[in-house]
S.K.: 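Dumping the structure here so I can ask a few things about it.
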Amino acid sequence: MGLLDGKVAIVTGASRGIGKAIAVLFAQEGANVAFTDLNADENFQKVEKELNTLGVKAKGYVSNAANFENCQQTVDEIVKDFGRVDALINNAGITKDNLLMRMTEDQWDLVMNVNLKSIFNMTKAVQRTMLKQKSGSIVNMSSVVGVGGNAGQSNYSASKAGMIGFTKSIAKELGSRNVRCNAIAPGFIITEMTGQLPQEVVEGWYEKIPLKRGGTPEEVAKTALFFASDLSSYVSGQVLTVCGAMQT
Ligand code: NAI
């Protein structure tokens, strides 16, 4: 028996990193998984294959979470293919770090569109289906940087803080129809996103983290599993920090 047996989950940006770990764990827990990413590259195909070996229905969709029309079309296709949507994990996200002094308008707009507008696009697209079902769980991948800020990441921080405001509002707006909405705020997680940082910067972070290490995508995925499953049936509008006590 899996915690998500028979449920249908959508995970955005799941070709690698945290999104991939969520898609795999959800499939292991019995969910049928629809995932998205920008290109049907080697990673994308590998994830689709891996999910299909787990005995559930799984399919990847090439879709840009920052594009409103694209999200509508993708969710329409997913509903046609899978019949329902029980969980939406808004995971797709990017960084374009720079000090404000050097930040370009493009760097601001891109991060806002991929990280923040995307959750508006995807939540709007699944809303009708979840309201009809009178159930659903939406999980938004924010960040500790959205809670506490970070020098050199004002665009990223603003987008991740915006996700928290959206999460709390949707929890209040859709709660009467049994649709829940929560956010996860990961700290330093070892993925390609953080893999771009120089080793001494990484060591510096580890020194500041009480658990003395970075988190794994699988550890974040377990939190997403809690929110997507009935284990959290009375939890909504919350932000759960997964950061080894880096930010308390
Ligand atoms: P990653 O860069 O390894 O993977 C992100 C995936 O999203 C990639 O496959 C990428 O192609 C996809 N993607 C990017 N833009 C997209 C778009 N417009 N539409 C669809 N897919 C798109 O990133 P990682 O580390 O796995 O992060 C996942 C989420 O977790 C992001 O929202 C990130 O901001 C958040 N996060 C990550 C932390 C970390 O330490 N790695 C810490 C806190 C939050």
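Each ligand, and each atom within it, is numbered from 1 in the order the structure gives.
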S.K.: Just to verify, what does Thr191 make a side-chain contact (heavy atoms from CB on, under 4.5 Å) with, not counting sequence neighbours?
M.R.: Ile18, Ile189, Met193, Thr194, Pro217
S.K.: Using a 4.0 Å cutoff against the non-hydrogen atoms of Gly93, which atoms of ligand 1 qualify?
M.R.: 31 (C), 32 (O)
S.K.: How are the rings of Phe35 and Phe44 set relative to one another: parallel (under 30°), tilted (30 to 60°) or perpendicular (over 60°)?
M.R.: tilted
S.K.: Looking only at heavy atoms, is any part of Ser63 under 4.0 Å from ligand 1, and if so is it the side chain, the backbone, or both, or is it neither?
M.R.: backbone
S.K.: Check whether any side-chain N or O of Asn115 sits under 3.5 Å from a backbone N or O of Ile94 as a donor-acceptor pair, and report yes or no.
M.R.: yes
S.K.: Does any N or O of ligand 1 fall below 3.5 Å from an N or O anywhere on Ser143, backbone included?
M.R.: no
S.K.: On a heavy-atom basis, I'd like to know which of Met163, Met141, Met122, Glu192 is closest to atom 35 (C) of ligand 1.
M.R.: Met141
S.K.: Taking the basic N atoms (NZ, or NE/NH1/NH2) and the acidic carboxylate oxygens, is any pair closer than 4.0 Å for Arg213 and Glu219?
M.R.: yes
S.K.: Starting from atom 14 (C) of ligand 1, find the nearest protein heavy-atom neighbour and note its residue, name and distance.
M.R.: Ile94 CG2, 3.9 Å
S.K.: Could you tell me, atom by atom, which parts of ligand 1 come under 4.0 Å of a heavy atom of Gly17?
M.R.: 26 (O)
S.K.: So does Asp81 get a backbone contact from the side chain of Lys57, meaning a donor-acceptor N/O pair under 3.5 Å?
M.R.: yes
S.K.: Does ligand 1 have an atom that lies less than 4.0 angstrom from a heavy atom of Ser142?
M.R.: yes
S.K.: Has Asn90 got a side-chain atom pairing as donor or acceptor with Met122's backbone, closer than 3.5 angstrom?
M.R.: no
S.K.: Looking at Gly187, which atoms of ligand 1 are within less than 4.0 Å of one of its heavy atoms?
M.R.: 40 (O), 42 (C), 43 (C)
S.K.: Could you identify the single nearest non-hydrogen protein atom to atom 3 (O) of ligand 1 and state the distance to 0.1 Å?
M.R.: Arg16 NE, 3.0 Å
S.K.: Could you tell me the residue and atom name of the protein heavy atom closest to atom 8 (C) of ligand 1, and the distance to it rounded to 0.1 Å?
M.R.: Asp37 OD2, 3.6 Å
S.K.: Taking side-chain hydrogen bond (donor to acceptor under 3.5 Å, both in side chains) as the definition, give me every residue that meets it alongside Thr74, ordered by chain and number, with sequence neighbours left out.
M.R.: Ser63
S.K.: Can you confirm, on distance only, whether ligand 1 has an N/O atom lying under 3.5 Å from any N/O atom belonging to Thr36?
M.R.: no
S.K.: As an exercise, identify every atom of ligand 1 less than 4.0 angstrom from a heavy atom of Tyr156.
M.R.: 33 (C), 34 (O), 35 (C), 36 (N), 43 (C), 44 (C)
S.K.: So, Asn91 side chain and Thr12 main chain: donor-acceptor pair closer than 3.5 Å or not?
M.R.: yes
S.K.: Is there a donor-acceptor contact under 3.5 Å from the side chain of Thr167 to the main chain of Gly237?
M.R.: no
S.K.: Can you confirm, on distance only, whether ligand 1 has an N/O atom lying under 3.5 Å from any N/O atom belonging to Ile189?
M.R.: yes
S.K.: Output yes when a side-chain donor or acceptor of Ser157 lies under 3.5 Å from a complementary backbone atom of Asn150, and no otherwise.
M.R.: no
S.K.: Give the atom numbers and elements of ligand 1 that come within less than 4.0 Å of a heavy atom of Ala65.
M.R.: 17 (C), 18 (N), 19 (N), 20 (C)
S.K.: Taking only heavy atoms of Asn64, which atoms of ligand 1 are found under 4.0 Å from at least one of them?
M.R.: 17 (C), 18 (N), 19 (N)
S.K.: When you measure from atom 27 (O) of ligand 1 to every protein heavy atom, which one gives the shortest distance, and what is it?
M.R.: Ile18 CD1, 4.0 Å
S.K.: Is Asn113 reaching over with its side chain to a backbone N or O of Asp109, donor-acceptor style, under 3.5 angstrom?
M.R.: yes
S.K.: Can an N or O of Val114 be found at a distance shorter than 3.5 Å from an N or O of ligand 1?
M.R.: no
S.K.: Can you sort out which atoms of ligand 1 are near Thr194, meaning under 4.0 Å from one of its heavy atoms?
M.R.: 39 (C), 40 (O), 41 (N)
S.K.: Donor-acceptor pair, Asp97 side chain versus Gln153 backbone, under 3.5 Å?
M.R.: no
S.K.: Note the single closest protein heavy atom to atom 31 (C) of ligand 1, along with its residue, its atom name and the distance in Å.
M.R.: Asn91 O, 3.2 Å
S.K.: Are the side chain of Glu29 and the backbone N or O of Leu4 linked by a donor-acceptor pair below 3.5 Å?
M.R.: no
S.K.: Would Lys160 count as a contact residue for ligand 1, given that I'm defining contact as a non-hydrogen atom of the residue lying under 4.0 Å from a ligand atom?
M.R.: yes
S.K.: At under 4.0 Å between heavy atoms, which part of Thr191 makes contact with ligand 1: side chain, backbone, both or neither?
M.R.: side chain
S.K.: Does at least one non-hydrogen atom of Phe44 fall below 4.0 angstrom from an atom of ligand 1?
M.R.: no
S.K.: Can Lys7 and Asp230 be counted as an ion pair, charged N to O under 4.0 angstrom?
M.R.: yes
S.K.: Taking only non-hydrogen atoms of Thr12, do any sit less than 4.0 angstrom from ligand 1?
M.R.: no
S.K.: Atom 7 (O) of ligand 1: which protein heavy atom is closest, and how many Å away?
M.R.: Gly13 CA, 3.4 Å
S.K.: For Pro186 and ligand 1, does the shortest N/O to N/O distance drop below 3.5 Å?
M.R.: no
S.K.: Say you draw a straight line from CZ of Phe188 to OG of Ser143; how long is it, rounded to the nearest 0.5 Å?
M.R.: 11.5 Å
S.K.: What protein heavy atom sits nearest atom 17 (C) of ligand 1, and how far away is it?
M.R.: Leu38 CD2, 3.5 Å
